[in-house]
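Residue numbers start from 1 in every chain, and the chains themselves are labelled A, B, ... in the order their sequence lines are given, proteins ahead of strands.
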Amino acid sequence: MTKGSKPQAPSEFTKRVLQLVSRIPVGQVATYGDLAEKAGRPGAARAVGRLMATGSRRGLPYHRVVAASGRLGGYGGSEALKAGLLAAEGLTVRRGRILDFGRCRWRGQS
DNA sequence: GTGTTGACGCCTA
DNA sequence: ATAGGCGCCAACA
């Protein structure tokens, strides 16, 4: 089969971000900017957020991806749900903010 | 090819 | 602390 048609070939950046998200261990969280940087596009936090919103891949712990400064960000319209999921992971969320954020922030391989 | 949007990030007032 | 603006990149109309 030739490549006659190109069915939404995912960019390296997209695959990279999704891969990183799937690598986030339980009890830890990563920020959009962090994922973008690890994916090879520092500053592309928006692109990362868009990937979550559109959800090219399912089954990934998108709820472990939060905004910077310890803010949750959003979750399809129910950030409370995101907070609940994070709390269930062992984190502590207070008024839409992750307390031990600097403690549970996933650093990949530090 | 252009314009707009989006689960962001950081700065300044 | 709150508000507003600019910049970044990728997908969609």
Side-chain angles (χ1 to χ4, degrees):
Chain A
M1 22 268 234
T2 56
K3 60 185 169 104
S5 58
K6 197 156 39 141
Q8 324 286 10
S11 300
E12 291 297 316
F13 171 74
T14 301
K15 294 191 297 186
R16 189 77 115 147
V17 173
L18 297 170
Q19 177 78 339
L20 288 166
V21 173
S22 66
R23 282 182 176 186
I24 301 173
V26 178
Q28 290 193 273
V29 294
T31 71
Y32 299 97
D34 241 25
L35 291 172
E37 185 179 342
K38 293 172 188 293
R41 294 298 188 279
R46 286 201 123 144
V48 177
R50 210 203 62 75
L51 295 175
M52 307 293 145
T54 57
S56 297
R57 301 279 179 184
R58 297 189 272 186
L60 296 179
Y62 288 132
H63 60 266
R64 287 184 195 144
V65 185
V66 300
S69 302
R71 284 276 182 184
L72 286 177
Y75 194 72
S78 296
E79 60 187 277
L81 174 62
K82 189 173 186 173
L85 289 168
L86 291 171
E89 300 271 303
L91 300 174
T92 309
V93 181
R94 216 44 146 180
R95 284 172 40 180
R97 274 189 293 214
I98 300 174
L99 301 192
D100 309 309
F101 178 59
R103 209 165 49 155
C104 49
R105 186 174 171 183
W106 181 52
R107 281 196 151 215
Q109 301 173 328
S110 177

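Rounded to whole Å, atom C1' of C:dA11 lies 13 Å from atom CG of A:Leu18. If you measure from atom CZ of A:Arg16 to atom P of C:dC9, you get 17 Å, rounded to the nearest angstrom. One atom, CG of A:Leu35, and another, P of C:dA10, lie 15 Å apart when rounded to the nearest Å. Atom CG of A:Leu51 and atom C1' of C:dA11 are 9 Å apart (whole Å). A:Met52 has its CE atom 12 Å from the C1' atom of C:dA10, to the nearest Å. Nucleotide B:dA7 holds its C1' atom 17 Å from the CZ atom of A:Arg64, rounded to whole Å. If you measure from atom CG of A:Leu72 to atom P of B:dA7, you get 15 Å, rounded to the nearest angstrom.
Within the 4.5 Å cutoff, no side-chain heavy atoms of A:Asp34 are placed close to those of A:Trp106. The shortest distance between side-chain heavy atoms of A:Gln28 and A:Arg105 does not fall below 4.5 Å. Residues A:Arg64 and A:Val26 are in side-chain contact: their nearest non-hydrogen atoms beyond the backbone lie under 4.5 Å apart. Contact of the A:Leu72 side chain with the A:Leu86 side chain is registered, since non-hydrogen atoms from C-beta on lie closer than 4.5 Å. Considering only heavy atoms from C-beta on, A:His63 stays 4.5 Å or farther from A:Leu81 through its side chain. Residues A:Val21 and A:Met52 meet the side-chain proximity criterion, which asks for heavy atoms closer than 4.5 Å. A heavy-atom distance below 4.5 Å is not found between the side chains of A:Val65 and A:Tyr75.
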Enumerate all atom pairs, one protein N or O and one N or O from nucleotides 1-4 of chain C, separated by less than 3.5 Å.
none

Can you tabulate the close N/O pairs, meaning under 3.5 Å, that link protein atoms to atoms of nucleotides 10-13 of chain B?
none

Grab the N/O contacts between the protein and nucleotides 2-6 of chain B below 3.5 Å, and write none if there aren't any.
unit_1	atom_1	unit_2	atom_2	d
B:dG6	N2	A:Arg46	O	3.4

Pair A:Lys15-A:Glu12, salt bridge (charged side-chain N to carboxylate O under 4.0 Å, His left out): steps then yes or no: CA-CA 5 Å; A:Lys15 294 191 297 186; A:Glu12 291 297 316; 3.2 Å; yes
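Side-chain atoms of A:Tyr32 come within donor-acceptor range of the base of B:dA7, with a qualifying N/O pair under 3.5 Å.
In the set C:dA11, B:dG9, B:dA7, the nucleotide with an atom closest to the side chain of A:Ser11 is C:dA11.
Separating the CD1 atom in A:Ile24 from the OH atom in A:Tyr62 is a distance of 10.5 Å, to the nearest 0.5 Å. For the atom pair CD of A:Glu37 and CG of A:Leu20, the computed distance is 11.0 Å after rounding to the nearest 0.5 Å. Annotation: the span from A:Glu79 atom CD to A:Leu85 atom CG amounts to 12.5 Å, rounded to 0.5 Å.
For A:Thr54, no side-chain nitrogen or oxygen approaches OP1 or OP2 of C:dC12 to under 4.0 Å.
When heavy atoms are screened at a 4.0 angstrom cut-off, A:Phe13 is found touching the sugar-phosphate backbone but no base atom.
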